[in-house]
Amino acid sequence: MKRLVAMAMLMFACIAGASNAYALERGTIAEDADSVTPLLNGQVAPKTTLKMADGSPVSLQALTMQKPSIVLFYRGGWCPYCNEQLAQLKDIEKDLVDMGYQILAISPESPERLQEQKLETEFLVTLLSDDKLDTIREFGVGFYLDTVTELKYKTYGINLTKDESGNSVLPAPSIFMLNKKGQVLFSYVNPDFKVRPSADLVLAVAKTLKKEMSCE
């Protein structure tokens, strides 16, 4: 387990190192996935409002105050890599819940689309809509999609969420682990949407952090 955690920390350092120098420049959408500026360990999650799958508003702060949280940003139910990641998390969700964690999965998709996903799965994961892009922006993981890729997605019938400028925005797939104070204890952000941390690695980090939180 220690080896898995060490690998996770090293992987994060390599992936996020380039953007950490600009990590205070959040609140804006990056020009591309390689330029995102995610929250750093020790920083506090933003006080933003999301929507449940039924469309009702919910405070991110109110959610994270209840129990330690694993916050997952994913592109949408149309993304096979995101669906595979969620499927792998399903294999460990009982272990995570038994340890006291809650799993919050945030995407820029509409509540209506989330409702469809909810009916298609039996996850304990809480699906949340950030169709206003406020949480994605404040976590520093949002980026503009290039025109060529956007047009390609449109041919597949994928309509992406746009910001006030009229440009399509996606989150870089990422995982943040927060304590009940909303502080980031661990994060994994990778601009390559095809690469996701394994369920074993997520579980190993969660176990280690749980021990640390118990000593606080």
Side-chain angles (χ1 to χ4, degrees), residues 5-50 58-75 85 89 96 99-108 125-126 128-130 132-144 163 169-193 195-197 201-216:
V5 175
M7 288 173 59
M9 298 299 184
L10 179 59
M11 289 168 65
F12 171 70
C14 293
I15 292 165
S19 61
N20 281 354
Y22 307 99
L24 297 180
E25 298 178 12
R26 284 182 305 278
T28 60
I29 304 297
E31 289 302 314
D32 53 52
D34 291 320
S35 303
V36 295
T37 56
L39 282 175
L40 302 176
N41 289 359
Q43 294 184 313
V44 179
K47 299 176 182 179
T48 54
T49 299
L50 297 156
V58 61
S59 162
L60 177 62
Q61 183 183 37
L63 286 174
T64 56
M65 286 176 62
Q66 296 175 17
K67 56 183 66 176
S69 303
I70 296 175
V71 179
L72 169 77
F73 286 92
Y74 70 106
R75 295 161 14 117
Q85 182 180 28
L89 281 177
L96 294 172
M99 282 191 286
Y101 287 97
Q102 62 179 341
I103 308 170
L104 309 176
I106 301 172
S107 84
V125 173
T126 300
L128 297 166
S129 168
D130 187 29
K132 299 299 183 184
L133 303 172
D134 292 334
T135 306
I136 288 171
R137 181 183 286 111
E138 292 300 324
F139 264 85
V141 296
F143 67 94
Y144 289 118
D163 72 351
V169 176
L170 283 176
S174 46
I175 290 180
F176 294 84
M177 296 188 185
L178 314 178
N179 61 18
K180 290 194 289 185
K181 297 177 183 178
Q183 291 177 316
V184 177
L185 302 182
F186 172 83
S187 60
Y188 178 100
V189 184
N190 196 329
D192 184 349
F193 66 86
V195 180
R196 311 296 172 94
L201 190 149
V202 172
L203 184 59
V205 174
K207 287 180 178 179
T208 299
L209 293 179
K210 182 63 177 177
K211 292 178 181 178
E212 293 180 3
M213 285 186 281
S214 299
C215 297
E216 291 181 351

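Position 1 is the first residue of the sequence; numbering continues from there.
Proximity of Glu138 to Asp130: side-chain heavy atoms (C-beta onward) are nowhere separated by under 4.5 Å. For the pair Val189 and Phe176, the minimum side-chain heavy-atom distance is below 4.5 Å. Considering only heavy atoms from C-beta on, Thr37 stays 4.5 Å or farther from Thr28 through its side chain. At least one side-chain heavy atom of Met177 sits under 4.5 Å from a side-chain heavy atom of Val205. A heavy-atom distance below 4.5 Å is not found between the side chains of Asp134 and Thr49. In this structure, Val169 and Pro108 have side chains that are not in contact, with every pair of non-hydrogen atoms separated by 4.5 Å or more. Between Ser107 and Arg75, the closest side-chain pair of non-hydrogen atoms is not below 4.5 Å. Put simply, the side chain of Leu128 reaches to within 4.5 Å of the side chain of Leu63, judged on heavy atoms.
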Between Val71 and Val184, is a side chain to side chain contact (heavy atoms under 4.5 Å, CB included) present by the stated rule, with each step listed?
-> CA-CA 10 Å; Val71 179; Val184 177; over 6 Å; no
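In this structure, the separation between CD1 on Ile106 and CZ on Phe139 is 6.0 Å, given to the nearest 0.5 Å. We find the CG-CD1 distance between Leu96 and Ile103 to be 5.0 Å, quoted to the nearest 0.5 Å. Note: Asp163 CG to Ile136 CD1 = 11.0 Å, rounded to the nearest 0.5 Å. The CG atom of Asn41 sits 10.5 Å away from atom CD of Gln183, with the distance rounded to the nearest 0.5 Å. Note that OH of Tyr144 and CD1 of Ile29 are 5.5 Å apart. Values are rounded to the nearest 0.5 Å. Here CD of Gln61 is found 4.5 Å from NZ of Lys47. Values are rounded to the nearest 0.5 Å.
A donor-acceptor contact shorter than 3.5 Å links the side chain of Ser69 to the backbone of Lys67.
Nearest heavy-atom pair, Tyr188 versus Pro197, reported as atom, atom and distance to 0.1 Å: CE2-CD, 3.5 Å.
Partners of Tyr101 under the side chain to side chain donor-acceptor pair (under 3.5 Å) rule, at least two apart in sequence or in another chain, do not exist in this structure.
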